[in-house]
**Q** 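Please find one structure pasted underneath; my questions will follow.
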Amino acid sequence: MPVTSQLLRRLSCTKVLTSSLLPCQHHQSQLGPITHGSASKRPSHLWQNHSHSRSYQTTSVLRSYILTPPQVNSILKANEYSFKVPEFDGKNVSSVMGFESNQLPANAPIEDRRSAATCLQTRGMLLGVFDGHAGCACAQALSERLFYYIAVSLLPHDTLCELEAAVEAGRALSPILQWHKHPNDYFSREAQTLYFNSLRTYWQELIDLTSLNCIPDTHEALLNAFKRLDSDISLEAQVGDPNAFLHYWVLRVAFSGATACVAHIDGQDLYIANAGDARAVLGVQEEDGSFTAHTLSNDHSAQNDEEMARIRGEHPPSERKTVIRQDRLLGLLMPLRAFGDVKFKWSIELQKRVLESGPDQLHENEHTKFIPPNYHTPPYLTAEPEITYHKLRPQDRFMVIGSDGLWETLHRQEVVRIVGEYLTGMHQRQPLKVGGYRVTLGQMQGLLEERKARVSSAFEDQNSATHLMRHAVGNNEFGTVDHERLSKMLSLPEELARMYRDDITIIISQFNPHVFGAQRQEGQS
Amino acid sequence: MAFLGSTLRRMVTAVRPPRSPLCRTPARSCSSEPTKEKSVPYEKTLKQNDRASSGPTKPLPRSADAVVIGGGSLGCQTIYHLAKMGMTNVVLLERDRLTAGTTWHTAGLLWQLRPSDVEVELLAHTRNVISKDLEEETGLHTGWIQNGGLFIASNKQRLDEYKRLMSLGKVYGIESHVLSPAETKDLYPLMNVDDLYGTLYVPKDGTMDPAGTCTTLTRAASARGATVIENCPVTGIQVRADDLGIKRVKAVETAHGTIETPCVVNCAGVWATKLGDMAGVKVPLIAMHHAYVVTERIEGIQNMPNVRDHDASVYLRLQGDALSVGGYEANPIFWDEVSDKFAFSLFDLDWDVFTQHIEGAINRVPGLEQTGIKSTVCGPESFTADHKPLMGEAPEVRGFFLGCGFNSAGMMLGGGCGRELAHWIIHGRPEKDMYGYDIRRFHNSLTDNQRWIRERSHESYAKNYSVVFPFDEPLASRNMRKDPFHQVLTEQGCVFQERHGWERPGWFNKDAPAPVKDYDYYGAYDNKRNVNYKYNELLGKEYTFDFPPHHDVIKSECLSCRHGVAVFDMSYFGKFYLSGPDAKKAADWLFTADVNKKPGSTVYTCMLNKRGGAEADLTVSRLEAGAANLPLAPESNGDVYYLAIGGGVAEHNWNHIRTVLQDQGFHCRLTDHSEDMGMISIQGPKSREVLQEVLDTDLSNDAFPFSTHKVVKAAGHWVRAMRLSFVGELGWELHIPKDSCLPVYHAVMAAGAKHSIINSGYRAIDSLSIEKGYRHWHADLRPDDTPLESGLAFTCKLKSSIPFQGRDRLEKQKEEGLRRRIVCFTIDEKIPMFGLEAIFRNGVPVGHLRRSDYGFFIDKTIGYGYIRSPDGGVVSADFIKSGDFTLERMGETYKAKAHLRSPFDPENKRVKGIYA
């Protein structure tokens, strides 16, 4: 398969090997074969593209792209956002003190999305990271829609009835969600009516299904919301829309894909709903002050044996070798659960029918006609989330939700250490040791001054997510930020950036340990 | 830079999680074997090689008169002095080997001159012990090297401070010389003197050896019968309550046996807090990393004096042919997880913290730049809120003594403090005025306040090398105790002083309020520095040995009181009630004056220790027996007294009284209502007119004479009015229940408006009271002064036959004549004095000023000091009258007039309302 292998080499870093439905998506790199870094010490389960990460130093072209620290900062801070939960007079204090988030694109445009909102009709805060592939359309749709599906699923029966009654009577709706958005986190205006109608259909069904005094279970609500939205995405694409633009849009959403990792936090109750390879990790402060990582979600990737077993179990033994090849679903898709991606869900007939009836733009793209190899028993892919529950304790200080772009550059323990030390203000530098080398006082002084000057810019961050990103991109082998490296990574031209790093999205929420302590006391008394 | 780059890479070998001073992190470097780059510069340490195998070095006795815990400098000095003073059934328990913990790695510098007369005396004793006494007793050399000490001044203020030390040194016969930069260069050719203002050279300063000193001390103590046991960690302290319910030390527990003892001495250094916990005793100290670096050989450094460059916060200690470089940084690292296993271990030096000292050291001795680093020494040291040790009997448990928290001066102060501690244990009180080191200088509400301990300890660590200015105030952990007037006075520009946790008014700034803000750690540890900090700005203006810019403000506060009327908020006063069946017996025994005049009287009195020294001065009001009307009166069907005591020493007074009651077995009730009442004092010729409008009682001399009190209504609120004065004027104190404070204050201010009444603070009280000749305890009246020596004979009921504590000593002293006594001096030059200035009679030093201030009414600088006769004989009135006196201030001599009576209102007319 010479063609495939060439394709593999060039696009090894993209999440979907084959197709992009839209012309704007991928630059076919014109670089020659990339020499692998000689001493890649990274664990094998990390992403392949990182074996390239050391090679940039050999290309002289890139040297001219050294950015100054202010330029680096303006790039790193472009998408940073923070939200503090307002304090009340010691009453009803939230368990989430606030969150900070940030994104760094590698794709152009970025395919990651993030959402954060407070549920207004019920209690709790929702935080989510959506990592798109084969375009950003599906991730975009999730960022706008998924939280509404979750919020509606959480509403008690009578609130749903009130909602329906208000819509019926044309009255103003009391808002369900309070969004916390960075100006770059946009909502598409055109699709709002379509989205609303689908959502309304969903809650109408919920009204029929639920009974009067039934309080929805968060676990069930998250599960249903994920599944329902994916099914709506699929249906909307099948039905189409009279408006050509919208018709094209719903197809883009359905034919692209996205993983989702969503946290719902209400008091001590923390639920994670995850589908794909984004990840949520808890920062736990030990008694000695150090931080330990506690993983809250499982990655749905080929490194997850249970997930492999699940997929193999869902298809006949004849497909055992083909259903996962080269650690990818059908040899193509990295995450083993995702929204959209109807190419992995619909029958071949359905795909063909929908594409034929679709707008002309689709036909301009060769890849649309591409059917995954060994495609015998669809669906191969699901958006059903794996749900984990954690009861928050006083030592649980913060949670990091990140797209795989973060986790493949930093080990989760390192992530938690960096954030923990940043949040507790203990970002001191590594101590120096004289370790048997003959150093004069003068040399030592020079050394310390040089180091101080170099490191000081690393502590300009007001935002923990930005701080973590700086480490993710700029860490050297000593675990400290190397400005030169950071500068080079950020000055990579658009067409090369994706070779060296993935889109990175980070949300860090800080917990209020006093709340858990107080609740515990109440519980005891 | 290639070399530096590669060095850096090699040096950053161990990538370890960084530690922070603000967060709890475990010590990560408890390497048991000192590596080459991390070791002390001493040839000999007492570290043992196989610690696990060994048990106690001696069998434990069943019982002892005292058990000293901790074999560091303090423990060894204390047991040595106990034995020397005759208490020989004593035991020292050391968990590891002698010097383990802090002493073994100390730099061991000894400077003789400090800005405190008591400290100068303590240091002199240490020097005597290690340079002379021990060698005479044991024939062993302690390792003392007398290489001299050199203090560096890079500005005028600093040299002024050194000149103050020089003048004080003359009183104690400590040789010192102020040198010009050129003279300094001659003395110390390797020194850069380009940026010097001058230096102070003390030839007989020197360097001590920790291991040598401690082994010699314990050998001398053992020779006198003391028992020193190593490898014996203490696991518990038994405390029992006696018949009266008083907690007392009963025994010390170890894994190898229990020693019955009535007395435990906590010399456990950084572990002292843990040891205190075992007995329920609060030990407010905190451990920090304290470091120095040992250099390779430096040609030409041999025999050079030790250098203390205060302005660069650096010291350079001679180490054979090399130097040790250390200092006090602004961002020290706290050691929160004090490990039990740390005996002879060192921390990794955090070079990023230490870097500030390198610059200072290289600047002073440029050759250091080319000098290699031999090793680093970073060990734990204990630090306290005011950078002074913690000593004395703990308020919580009788028989539990503290000798810890020495702020890296444990070797230097060890001899003097060991002796005082021994005296304290044997005789109940130390010989010198140790109040500055006494645990009772802190209010009990603060000694377990972690924030206060940390913030204050940080500030005093970082400011350790700052010039000691007389009117400096801390910025850390302020506003711990606020009286009911605090807000109102703040709004009126009050610049507060901190005493005993209280905020008390210092003076009133007319431009703008100057509130005290939360502590910013001076910006260390990434704390945001306070900006537009008016209080700090005003404090900066105190940093002078001249008159401060607000001298005139204080003047106007004083003169308003002398000519019109002023109101002083004195709410921080300690306010205690003494009652119970034995109250009268107790009052007779406690107080020097006869307080058993008829109810309604108020008497100024002293309380003495057994040696006749003044432990306190206070006013005692005898109340009518009756039902409770708290907080103005407690319930009593017998004798009941109201005690009003300066708020800065309330804890000390409380404990003194309690201890005397316990020791005498008096059945009394002592209750503290300090926080339930505020107190304002309205003073001045117009005070009667003002208060007559506010109080519903006749204030005439006949109806309300001086030294009496009444419960009256003030603007509709019950208050206790006392006709008293701390400033020598007609005036009343109003002791007011908390909730009535503000209405009464507003009524007084409204009535006083037409007399131009003003708020006034303690800076004015300091001046007014010294002008009148009233004493301030712990300044011109101390536990080492008797009332006879201090001119307070009038407070002593020697003409009656009533016995009181210390009476026998006073009678003896009266019979033998006074060998030292207080004298008032005035000078004509308009310059400030602060105390510690030397007093010369006919050119011979006879003492030093204890307290000095400017008297605005007589328009002169006034100073009080105790003088002795050079021949040790009786100091008679004639000796004073016949002498020509001069005062030496910063090396300058001023002619002084000696007064036998106060130069202001000697007939005492004004307090009686007689303004002729």
Side-chain angles (χ1 to χ4, degrees), chain A residues 285-293 395 397 411 413-414 416-456 458-462 467 475-482 484, chain B residues 1 3-29 35-38 293 295-296 325 331 333 336-337 347-359 361-362 365-376 525-527:
Chain A
Q285 190 164 27
E286 302 296 335
E287 278 180 12
D288 66 3
S290 64
F291 287 90
T292 310
Q395 65 266 39
R397 306 307 294 268
H411 188 263
Q413 185 55 43
E414 190 65 0
V416 161
R417 183 187 70 79
I418 291 167
V419 175
E421 290 174 1
Y422 176 86
L423 292 178
T424 50
M426 53 192 284
H427 38 281
Q428 274 215 325
R429 299 182 290 278
Q430 306 284 350
L432 276 175
K433 282 181 86 175
V434 199
Y437 298 99
R438 230 189 120 80
V439 187
T440 70
L441 278 169
Q443 288 166 333
M444 184 57 96
Q445 190 190 9
L447 205 62
L448 292 165
E449 277 171 7
E450 188 195 351
R451 203 164 77 129
K452 196 172 163 189
R454 216 149 28 86
V455 176
S456 58
F459 300 110
E460 291 164 7
D461 298 327
Q462 305 295 312
H467 184 72
N475 258 15
N476 59 16
E477 46 277 70
F478 301 123
T480 55
V481 173
D482 179 340
E484 204 177 320
Chain B
M1 289 317 259
F3 167 68
L4 287 182
S6 61
T7 316
L8 172 68
R9 182 150 300 189
R10 273 182 286 145
M11 280 190 292
V12 190
T13 42
V15 178
R16 302 170 307 141
R19 65 172 79 90
S20 154
L22 290 178
C23 296
R24 298 185 146 256
T25 48
R28 291 187 179 82
S29 49
T35 56
K36 197 201 165 206
E37 79 266 20
K38 224 167 62 177
V293 164
T295 72
E296 302 279 5
V325 178
N331 53 341
I333 298 170
D336 287 322
E337 295 277 309
F347 303 109
D348 286 330
L349 177 65
D350 187 328
W351 282 97
D352 291 297
V353 173
F354 196 79
T355 178
Q356 46 201 302
H357 304 315
I358 301 179
E359 194 178 346
I362 291 177
V365 179
L368 283 173
E369 188 170 2
Q370 303 305 321
T371 306
I373 299 161
K374 191 173 176 186
S375 66
T376 67
Y525 317 121
D526 297 323
N527 283 290

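Sequence lines set the chain letters: A, B, ... in the order given, protein chains first and strands last, and positions in each chain run from 1.
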**Q** Within this structure, what is the CD-CG distance for the pair B:E296 and A:L441, rounded to the nearest 0.5 Å?
**A**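 One gets 10.0 Å once the value is rounded to the nearest 0.5 Å.
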
**Q** Would you please name every residue forming a side-chain hydrogen bond (donor to acceptor under 3.5 Å, both in side chains) with A:E286, sequence neighbours left out?
**A**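 A:E286 satisfies side-chain hydrogen bond (donor to acceptor under 3.5 Å, both in side chains) with A:T292 only.
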
**Q** CZ of B:F354 to CD of A:Q445: how many Å apart, nearest 0.5 Å?
**A**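 Between B:F354 CZ and A:Q445 CD, I get 11.5 Å after rounding to 0.5 Å.
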
**Q** Quick one: what part of B:L368 sits under 4.5 Å from any heavy atom of chain A, side chain, backbone, both or neither?
**A**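 Looking at B:L368, backbone and side chain both touch chain A.
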
**Q** B:Q356: which residues meet the side-chain hydrogen bond (donor to acceptor under 3.5 Å, both in side chains) condition with it, sequence neighbours left out?
**A**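 With neighbours one apart ignored, the set is B:N331.
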
**Q** Quick one: OG1 on B:T376 to CE on A:M444, what's the gap to the nearest 0.5 Å?
**A**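 Nearest 0.5 Å value for the OG1-CE distance: 9.0 Å.
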
